[in-house]
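Below you'll find the structure, written out as structure tokens, and then a few comments.
One-based numbering along the sequence shown.
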Amino acid sequence: MRLPLSLHLLLSMACIAVWAGNGQVSLLADEHEHNHDHAHHHEHIEFSIKSVASGDWSNPKTCEPAPLPKTGDRVLISRHTDVTYDVESKEVIRLLQVVGTLEFARDRDTELHVGLLKVQNSSVCSESGFACDFRGVNQLGEPSELFPIERPELLIGTPDRPIPAEHTARIRLHYIDGMDKNDAPAIVCCSARMEIHGSPMSRTWVKLGDDVAEGDASVTLSEDVAGWNVGDEVIITGSLHKGSNRSFRGEYPDQKPETEERTITKIEGRTITLDKPLKNVHFGTGEFRSEIANLSRNVSIESADPKGVRGHTLYHRHSTGGLSYARFAHLGKEGVLGRYAIHYHLIGDTMRGSQVKGVAIVDSHNRWVTVHGTQYLVVRDCVGYKSVGHGFFLEDATEAYNLLDRNLGVQAYSGRRLPKQVLPFDPNDGAAFWWTNARNSIVRNVSCENDEYGFRYDCQDSSGFNAQVPLLMPDGQKQSVDVRHVPTFRFEENEAHTEGLYGMVFAGNRRTETQRIGPDKQHPHRLANLKIWQVHYALRPQVPQMLIENVHIDHAVYGIYRPMFDHHVSLHPSSFVPPLAWPSRADKLMRFFNTEEFPRGPREC
């Protein structure tokens, strides 16, 4: 229950000192916040302006001492104040900390320029773009417990009241001199509530409904879409694999991507007219077709200087909220661990049911969505376009019971290994989807033009990695298990096409086949209803105990590459058409496709 504002202000007088010399406000020690030293030892800073009443950001009576926040200010949205952000301002706020509620207006366009935006229940703050600033955090500033206090709120729309389609809400993240370039700029939610929700779309991407020829300036969709508008940015994904097996990042002239970027100029039913003709062929009929994806949203989070220091976003443990139909552009710090475009960090099951839905992650320099130490998260209907390193990434094998459903991942580029990364066997070489714990559901996703893999499951035997992970059991208790024995929960109706090298890989977890381990024979890895086309290597199943059903492969140099064959069963596979002359390879794969069951025992294909 909230205290009356007058009583709250009276109590707050005991912990506020006004410096007569410069008019700044210095927040002294709240008893419950400052009797405990903060373990991460970041220098605490002082706020220059704070809210003293609920009201509009533009109302001079909302804040003291200055009437309106200006460039360089450190602003505190005080506890028990509800502030509506109702302006399009170019003032660059150095630090904005939300302890009460900051809600973006829904009846007008809004724009916020900021260095650090932190949502946390603390009246002190550091300029760390990662660590939380209250008691109960570890040396890295990560929350370890939830205190029974009211949650601060950052509300840029809510799931049931998103920012309406006729208005926009935009946050631009600026690096400001004096901040740590590895941390800032950033949006950080520390055991608080953060909601970011744009106007919904019926679909964020769909298959093409007709073939596209070189020079065509319009495309046909396979289904009706709502929420798409003239002026939206779209991509039409590539259909042809050129076979050079080099990076799509633009470093090699012989590996130019076939995916094309355009802007919508007219929408007539399922026909989309584009701002200029397309240069490439795009398949839109038959079983194997390309996609068109919408990259525009009316809510956006972006780095103000993509060529300079980029920003990142982060949820910490015990937070609430979610993300939907927003655009996250030019984020992610290349080569820096933990600084990703969208990052759920060591959440455990404390945000059960949170969703990342319908978002577009565009031009990330460090992943699209990173799920780290988190369970029960839903990532659905998202579009990831251009990422350095893996795109949709489950980080270290502690992730379980998450759902990745109907996402599109295009152009995850090969990057460097990240310093102090948990998995020593991960080269970070560009997979649209990467995971290490099979107890997750990965369904109805599509990958295209990723440097190394569309999909890769990998859990190696490594001296630098402990595969013993506590997993929740059916009786509700946690038990330590070797995750290499955990069977695939669901891997169904996924599709990989036009990849740099591999379509789908289930990687061998030891050097020799006789040493590799997997689930027991009664509970095998199950792969079902897959499509893989226009790739070099289509499917590489290197772990034992696999049930593979309804795999359709078309135009692959190698259909099934180096399978382990130990208790592998294939049901209803389809033939494929290799584009090059590999008669012996093709004959062998055709024979193996036409048998009900794979041969037993370790063999090379």
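A distance-only check finds a donor-acceptor pair linking the side chain of Arg297 to the backbone of Gly358 [under 3.5 Å]. The closest donor-acceptor contact from the side chain of Lys333 to the backbone of Lys181 lies under 3.5 Å. Not a single donor-acceptor pair under 3.5 Å links the side chain of Thr350 to the backbone N or O of Arg317. His390 places a side-chain N or O within 3.5 Å of a backbone atom of Ala431 that can act as its donor or acceptor partner. Put simply, the side chain of Asn402 gets close to the backbone of Thr374: a donor and an acceptor are under 3.5 Å apart. Of the possible donor and acceptor atoms, none in the side chain of Gln411 sits under 3.5 Å from a partner among the backbone N and O of Asp451. Between the side chain of Ser354 and the backbone N or O of Arg352 there is no donor-acceptor pair closer than 3.5 Å. Of the possible polar contacts, none joining the His525 side chain to the Pro487 backbone as a donor-acceptor pair under 3.5 Å is found. The backbone N or O of Trp205 sits less than 3.5 Å from a side-chain atom of Arg203, completing a donor-acceptor pair. Proximity of a side-chain donor or acceptor of Asp554 to a complementary backbone N or O of Phe288 within less than 3.5 Å is not detected.
When every heavy atom of Gln421 is checked against every heavy atom of Leu337, the shortest pair comes out as CA-CD1, 4.0 Å. Scanning all heavy atoms of the two residues, the minimum distance from Leu140 to Ala131 falls at O-CB, 3.6 Å. The minimum heavy-atom distance linking Phe248 with Thr498 is given by the pair CZ-O, 4.0 Å. The minimum heavy-atom distance linking Phe392 with Leu408 is given by the pair CE1-O, 3.8 Å. In terms of heavy-atom proximity, Ser462 sits nearest to Phe425 at CB-CD2, 4.0 Å. Gly129 and Ala186 get closest at one heavy-atom pair: O-CB, 3.6 Å.
Salt bridge status for Lys118 with Asp133: present, with a side-chain N to carboxylate O gap under 4.0 Å. In this structure, Arg249 pairs ionically with Glu334, as a charged nitrogen and a carboxylate oxygen lie closer than 4.0 Å.
The closest side-chain heavy-atom distance from His343 to His312 is not below 4.5 Å. Residues Leu418 and Arg367 are in side-chain contact: their nearest non-hydrogen atoms beyond the backbone lie under 4.5 Å apart. Leu471 is listed as a side-chain neighbour of Arg439, based on a closest heavy-atom distance under 4.5 Å. Counting heavy atoms from C-beta on, the side chains of Arg327 and Leu295 come closer than 4.5 Å. Two residues are said to be in side-chain contact when any heavy atoms from C-beta on lie closer than 4.5 Å; Thr237 and Val446 fail this criterion. Looking at Leu547 and Leu571, their side chains come closer than 4.5 Å, going by heavy atoms from C-beta outward. Put simply, the side chain of Cys459 reaches to within 4.5 Å of the side chain of Phe465, judged on heavy atoms. Side-chain contact between Val486 and Asn437 is present, with at least one heavy-atom pair separated by less than 4.5 Å.
Counting only residues at least two apart or on different chains, the salt bridge (charged side-chain N to carboxylate O under 4.0 Å, His left out) pairs with a member in residues 405-432 are Arg380-Asp405, Asp381-Arg406, Asp405-Arg444. Within the structure, every pair that satisfies the ring pair (Phe, Tyr, Trp, His ring centres under 6.0 Å) test and touches residues 399-418, not counting sequence neighbours, is listed here: Tyr376-Tyr401, Tyr401-Phe489. The stretch residues 384-399 participates, sequence neighbours left out, in these salt bridge (charged side-chain N to carboxylate O under 4.0 Å, His left out) pairs: Glu261-Lys386. Sorted by first and then second residue, the salt bridge (charged side-chain N to carboxylate O under 4.0 Å, His left out) pairs with a member in residues 529-547 form an empty list; sequence neighbours excluded.
Classification of the Phe506-Phe491 ring pair by plane angle, with boundaries at 30° and 60°, yields perpendicular. Between His345 and Phe130, the ring planes lie perpendicular to each other; the angle is over 60°, past the 30° to 60° tilted range. By the 30° and 60° cut-offs, the orientation of the rings of Tyr315 relative to Tyr344 is tilted.
Within the model, atoms CD of Glu495 and NE2 of His497 stand 5.5 Å from one another, a figure rounded to the nearest 0.5 Å. For the atom pair Asn450 CG and Tyr502 OH, the distance stands at 15.0 Å (nearest 0.5 Å). Thr488 contributes atom OG1, which lies 12.0 Å from atom CD of Gln545 (distance to the nearest 0.5 angstrom). Between the CD1 atom in Ile236 and the CD atom in Glu258 there is a gap of 12.5 Å [rounded to 0.5 Å]. Within the model, atoms CZ of Arg151 and SG of Cys190 stand 12.0 Å from one another, a figure rounded to the nearest 0.5 Å. Taking CD of Glu493 as the start and CG of Asn529 as the end, the distance is 5.5 Å to the nearest 0.5 Å.
With no hydrogens or angles considered, a side-chain donor-acceptor pair links Glu499 and Ser447 at under 3.5 Å. Using modelled atom types and a 3.5 Å distance limit, the side chains of Thr259 and Tyr385 yield no donor-acceptor pair. Side-chain contact, Ser239 with Ser290: a donor N or O sits under 3.5 Å from an acceptor N or O.
Among Trp435, Trp434, Phe433, the single residue meeting the side-chain contact (heavy atoms from CB on, under 4.5 Å) criterion with Phe393 is Trp434. Leu173 pairs with exactly one of Leu116, Val309, Ile187 by the side-chain contact (heavy atoms from CB on, under 4.5 Å) rule, that one being Ile187.
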Review point. Should Leu530 and Asn494 be marked as a side-chain contact (heavy atoms from CB on, under 4.5 Å) after you check the CA-CA gap, both sets of side-chain angles, and the distance that decides it?
Key: CA-CA 5 Å; Leu530 310 178; Asn494 296 304; 4.2 Å; yes
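The side chain to side chain donor-acceptor pair (under 3.5 Å) search around Asp349 returns none, not counting sequence neighbours. Contacts of Arg526 classified as salt bridge (Lys or Arg N to Asp or Glu O under 4.0 Å), with partners at least two apart in sequence or in another chain: Glu492, Glu549.
Note: Tyr558 and His536 meet the aromatic proximity criterion, with ring centroids under 6.0 Å apart.
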